[in-house]
**Student:** 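Provided herewith is a single structure, encoded as structure tokens, for subsequent inquiry.
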Amino acid sequence: MTDNAKRSGPSREWLLHIADLEDACPSVSVGGMACDFDLLPAASEAQRVFGRLIELARRKKNLTVEQLAVKADIDLEDLVEIENEEPIVPQVRTVFQLAHALELPAGRLMEVAGLAKARPEVNQAALKFAARSESTAKLTREEKEALDEFVKVLIEVSDGG
Amino acid sequence: MSGIETFVQRRSDKELVSATILEGMAATDLLVVENEWRAERSSVMQELLSAGVARPNWPESLHWDWSRKVPELQLLASTGFGIVCEKRWQGVMITKSAGYFTRLEPDKGKPLLYVDYLEVAPWNWVIPQINRDGLYKTVGSTLFWRAVQQSEEEGFHGRVGLHALPQAEPFYEKVCRMRPLGRDASKQNLLYFELTRQQAAGFLKMGESK
């Protein structure tokens, strides 16, 4: 730390001038370190599939993002990050709570989320699901079929051990 | 932590309010910041969802978690700065004073100060879609002013480099007078900006009567 006791900040004139300029450019975010930290890499395939699966399963139950966060007792921020397919590995508790709230097999959901080694059947179903689903406001017939088929595989794999 | 007295402008009445630029933030300070900002970010997110604002239009730093920057702050060449007003952290910046070099002539190859992170508190964000006007202005600009000062103190003559998030590109080009030097594939394709010593002098003198 340095001794700043005698230093002063920018002048009032500078502040007033810059305040006017800021009106047209309100955002100031700099994030170089996010890249160094790998906080902003592209989402992995697992994260994309997991995010899409949670979103479609939620919409099938006619829940808003906020309602699902409350029902699953998880942070709204965490749920938005998941559905936004952001490159963040979800916590085990979050995945477990979501599985319970959406009536999905928790063990298999861990695999889809990348928290456990995925079985080949789950991987294959996930890839097929990713290729067929698109993010839209309303669940289309194709999305519903894709979701149902993926969930069916997850349940079958669960039953089969 | 040492401090420099300054002001920030309250948006509602344009009054300048006393604030302090603090230098030498510790890991615990970043944890306090994250604690204070997280609740506000959550409110912002709920308002955006309720208003049906499309996600590409959300603030790009909405997901940042400042507590995750703690290890970086502990590096020798890193310095954490913050602006405190009314007992709350209004903005935070982390700079690096080693390992970064100027790309622009005439000082090409000479060291510069790299701004690794800079953000203002979520209650200062301007988000028209949800009628958020932001509480204080000049927080980000004053942190950048401090970066230019630090560059001079380090002997870098005001040279500064940074990678801006897309929504902030106009700020660094038009307000800070930095020059965009192209997208950087090694930094998630963010646009890299540099401030030369001449531009730094102009930035610090803005508002002076001629």
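This is a predicted model, so every value here is computed, not measured. Quick note on labels: first sequence line is chain A, next is B, and so on, each numbered from 1.
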**Student:** For this output row, return yes or no: ring centroids of F7(B) and W14(A) closer than 6.0 angstrom.
**Tutor:** no

**Student:** Cation-pi between R88(B) and W123(B): NZ/CZ under 6.0 Å from ring centre and within 45° of the ring axis?
**Tutor:** yes

**Student:** Which one of A164(B), S141(B), G134(B), G140(B) has the most heavy-atom pairs closer than 4.5 Å to chain A?
**Tutor:** S141(B)

**Student:** If we define contacts as heavy-atom pairs under 4.5 Å, which of E13(A), E66(A), E22(A), H17(A) has the most with chain B?
**Tutor:** E22(A)

**Student:** Compare every heavy atom of L15(A) with every heavy atom of T6(B), then report the nearest pair and how far apart it is.
**Tutor:** OG1-CD1, 4.2 Å

**Student:** Please classify the contact of L204(B) with chain A as side chain, backbone, both or neither, using a heavy-atom distance under 4.5 Å.
**Tutor:** backbone

**Student:** With salt bridge (charged side-chain N to carboxylate O under 4.0 Å, His left out) as the test, would you mind laying out the steps for E83(A) and R52(A) before giving the verdict?
**Tutor:** CA-CA 6 Å; E83(A) 288 202 6; R52(A) 188 64 52 81; over 6 Å; no

**Student:** Answer with yes or no after comparing the ring centroid distance for F171(B) and F144(B) against a 6.0 Å cut-off, counting only values under it.
**Tutor:** no

**Student:** Please state whether the side chain, the backbone, both or neither of Q9(B) comes within less than 4.5 Å of a heavy atom of chain A.
**Tutor:** side chain

**Student:** Could you check whether atom CZ of R93(A) has more than 12 heavy atoms from other residues, nucleotides or ligands sitting under 6.0 Å from it?
**Tutor:** yes

**Student:** Counting only heavy atoms closer than 4.5 Å, note whether V8(B) contacts chain A via side chain, backbone, both or neither.
**Tutor:** neither

**Student:** Could you tell me if the ring centre of F193(B) sits under 6.0 Å from that of H163(B)?
**Tutor:** no

**Student:** Quick check for you: among L143(B), T138(B), V126(B), which has the greatest number of heavy-atom pairs under 4.5 Å with chain A?
**Tutor:** T138(B)

**Student:** Identify which part of V65(A) has an atom lying under 4.5 Å from any heavy atom of chain B, answering side chain, backbone, both or neither.
**Tutor:** side chain

**Student:** Please identify, among S11(A), A69(A), G9(A), the residue contributing the most non-hydrogen atom pairs under 4.5 Å to chain B.
**Tutor:** G9(A)

**Student:** Counting heavy-atom pairs under 4.5 Å with chain A, which one of T142(B), D184(B), T20(B), V120(B) comes out on top?
**Tutor:** T142(B)

**Student:** Which one wins on heavy-atom pair count under 4.5 Å against chain A: G91(B), P170(B), C176(B)?
**Tutor:** P170(B)

